[in-house]
Amino acid sequence: MSSMPLISIEPPAALFPRAARVAPEGRLRDSHGRAITDLRISITDRCNYKCVYCRTGEEGVLFSELPMADYLRMIRAFVAVGIEKIRLTGGEPLLRKGLVEMVEELGAMRTTYLPGGERIADENAEALGRPLDIALTTNGHLLESMAQPLKDAGLTRVTVSMDAVDSETFTRITRVPRSFDRVLAGIRAAREAGLGPVKVNCVLLRGFNDEQIEQFAEFSRREQVIVRFIEWMPLEEPSSAPDARNWKPETVVTMDEIVTRLNAWRPLVDLAPNAASETARRFTFDDGLGEIGIIAPVSRPFCGHCSRVRLTSDGKIRTCLFSQTDHDLYGVLRRGGSDADLETYIRKVVMKKEARHHIGEADFLKPSRNMVHIGG
């Protein structure tokens with residue numbers, strides 16, 4: 001792979017000055033001292049879109065889906081050790097039967113640690129524990145009819161993946177005719193249901209949809225949503241299909257380029273991050289209308305503040321998008337492990353969380369799973 005001079009990565013020592021060596025018994029942390037508070041869990045590998053930067057367009061390998069009760073038990077173990085935010089992903093999570101009931105179960109859970117890191121005693125759990133932050137990432141195709149039921153069940157907010165704001169380009173990306181109108185209706189339904197501010201994620205590919213940057217800015221202002229541009233990462237299914245897109249460094253539309261384009265369209269104003277672990281750099285425009293986020297894992301890695309782990313649809317923990325190893329939490333459950341066994345296993349795995357990814361470096365290896373089999 002060619003080198004990428006645009007990448008700026010801090011040395012590990014500067015990122016993680018207080019590395020720990022053993023799994024602590026308090027709030028969940030990795031060996032680099034980072035508090036792990038966010039869990040992204042894929043509840044299906046299935047998807048009703050075949051986006052060109054993600055899937056080959058052919059039916060490839062699918063990992064198994066687990067019973068909702070098993071996902072919930074594993075989530076409870078994560079919450080018990082300090083997870084506070086749950087994001088349901090896929091595949092396309094709205095394809096899963098029982099999703100609304102699952103959100104209701106999540107809505108009844110409470111955090112187990114105080115903001116200062118003290119464990120909440122069991123007898124005080126109801127009074128002091130806070131509701132989980134429950135989010136969902138979807139392609140939006142089925143969202144129009146499900147937004148209100150999900151909000152009523154306890155969903156906090158929703159992110160819609162949407163890589164063009166005109167029907168023709170959108171269909172070319174998703175390979176699903178007449179899909180744009182369905183997604184737009186879903187975004188509006190989510191906004192009306194109170195699942196906001198609704199975020200709209202756009203993965204930019206040079207020469208494919210990068211001409212839409214300014215159109216997305218206008219879309220943010222018109223539809224009252226947060227648009228987030230995401231630098232394309234090497235997570236696609238390799239394919240020789242004529243309309244497929246295989247990752248190359250030169251195909252990445254970087255944060256600096258996006259900012260320059262938007263500033264030329266209308267002056268940007270920086271917004272403060274909502275949290276240290278936030279992945280997006282936030283902007284509004286000079287008149288305060290609209291919000292843009294830019295997630296730049298390629299040109300501006302944010303690994304030093306990472307607070308996330310992932311659980312795949314078949315119950316494997318992944319400590320980083322670019323991990324080379326899966327950790328079989330579901331195997332512990334399937335073999336009859338207790339809740340304490342699940343919690344111990346989670347702690348041990350999180351201690352192995354990588355310091356950072358290595359995109360653009362000479363020894364970079366693509367992850368052991370493609371993005372579609374990890375969870376967005």
Side-chain angles (χ1 to χ4, degrees), residues 15-41 68-88 102-135 153-157 273-279 303-312 315-320 327-355 375:
L15 287 173
F16 312 114
R18 296 185 295 277
R21 297 194 178 274
V22 295
E25 288 304 314
R27 175 174 234 156
L28 189 63
R29 291 184 179 274
D30 65 14
S31 65
H32 310 290
R34 296 172 294 193
I36 306 303
T37 56
D38 301 9
L39 172 67
R40 302 188 175 202
I41 175 168
M68 289 299 203
D70 290 342
Y71 290 131
L72 286 164
R73 186 173 168 207
M74 290 186 285
I75 291 171
R76 287 189 184 96
F78 274 103
V79 172
V81 295
I83 289 294
E84 298 178 347
K85 298 180 180 180
I86 305 291
R87 179 169 291 276
L88 302 173
M102 181 186 196
V103 172
E104 288 177 341
E105 293 282 347
L106 294 174
M109 296 184 192
R110 294 294 182 268
T111 58
T112 55
Y113 285 84
L114 295 172
E118 303 89 347
R119 173 81 187 197
I120 298 173
D122 291 343
E123 60 271 20
N124 297 325
E126 193 64 32
L128 299 180
R130 291 160 288 141
L132 301 180
D133 182 349
I134 310 166
L155 190 68
T156 309
R157 51 203 167 84
N274 291 309
S277 61
E278 187 168 45
T279 58
C303 306
H305 297 291
C306 184
S307 61
R308 290 166 292 283
V309 291
R310 297 170 184 268
L311 191 65
T312 64
K316 307 297 195 301
I317 300 174
R318 292 186 65 86
T319 51
C320 175
H327 305 275
D328 192 5
L329 180 63
Y330 186 61
V332 178
L333 185 155
R334 190 178 60 249
R335 291 189 295 270
S338 65
D339 291 347
D341 292 332
L342 296 175
E343 293 167 24
T344 297
Y345 187 80
I346 290 168
R347 290 184 182 278
K348 289 181 178 178
V349 168
V350 166
M351 288 298 290
K352 302 174 184 178
K353 183 171 170 64
E354 298 85 343

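The figures here come from the full heavy-atom set of this structure, side chains too, leaving out hydrogens, waters and symmetry mates.
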Does any N or O in the side chain of Ser307 come within less than 3.5 Å of the main-chain N or O of Asp38, such that one atom is a donor and the other an acceptor?
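A pair under 3.5 Å: no.
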Between Lys353 (side chain) and Cys306 (backbone), is there a donor-acceptor pair under 3.5 Å?
no
Gap separating the [atom1] atom of [X] from the [atom2] atom of [Y], nearest 0.5 angstrom:
X	Y	atom1	atom2	answer
Glu104	Ile134	CD	CD1	10.5 Å
Arg347	Leu342	CZ	CG	12.5 Å
Met74	Glu343	CE	CD	14.0 Å
Ile86	Tyr71	CD1	OH	13.5 Å
Arg27	Ile83	CZ	CD1	9.5 Å
Ile75	Leu132	CD1	CG	9.0 Å

Residue Glu123 excluded, over 12 heavy atoms near CD under 6.0 Å
yes
Would you say CG of Asn274 has more than 12 non-hydrogen atoms from neighbouring residues, nucleotides or ligands within 6.0 angstrom?
yes
Closest non-hydrogen atom pair, [X] against [Y]:
X	Y	value
Tyr345	Asp328	OH-N, 3.0 Å
Tyr113	Arg130	O-NH2, 3.2 Å
Ile346	Leu28	CG2-CD2, 4.2 Å
Thr312	Arg318	CG2-CD, 3.8 Å
Val79	Thr112	O-OG1, 2.7 Å
Glu354	Cys320	OE1-CB, 3.3 Å

Among side-chain atoms of Asp341 and Thr344, is any donor-acceptor pair under 3.5 angstrom?
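No, no side-chain donor-acceptor contact under 3.5 Å.
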Side-chain contact, heavy-atom cut-off 4.5 Å: Leu72 with Met102?
yes
Are side-chain heavy atoms of Phe78 and Ile41 found at a separation under 4.5 Å?
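Phe78 does not reach Ile41 side chain to side chain.
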Given the rule in the side chain to side chain contact (heavy atoms under 4.5 Å, CB included) test, do Leu333 and Asp70 qualify, once you have shown the distances and angles that lead to the verdict?
CA-CA 8 Å; Leu333 185 155; Asp70 290 342; 4.0 Å; yes
Check against side chain to side chain contact (heavy atoms under 4.5 Å, CB included), Lys85 and Thr156
CA-CA 10 Å; Lys85 298 180 180 180; Thr156 309; over 6 Å; no
Do the side chains of [X] and [Y] get close enough for a salt bridge, i.e. N-O under 4.0 angstrom?
X	Y	answer
Asp30	Lys352	no
Asp339	Arg73	yes
Arg110	Glu84	no

Take His305 and Arg34 through the side chain to side chain contact (heavy atoms under 4.5 Å, CB included) test and state the conclusion after the steps.
CA-CA 7 Å; His305 297 291; Arg34 296 172 294 193; over 6 Å; no
Set out, in order, the CA-CA distance, both residues' side-chain angles and the distance that settles side chain to side chain contact (heavy atoms under 4.5 Å, CB included) for Lys316 and His327, then state yes or no.
CA-CA 5 Å; Lys316 307 297 195 301; His327 305 275; over 6 Å; no
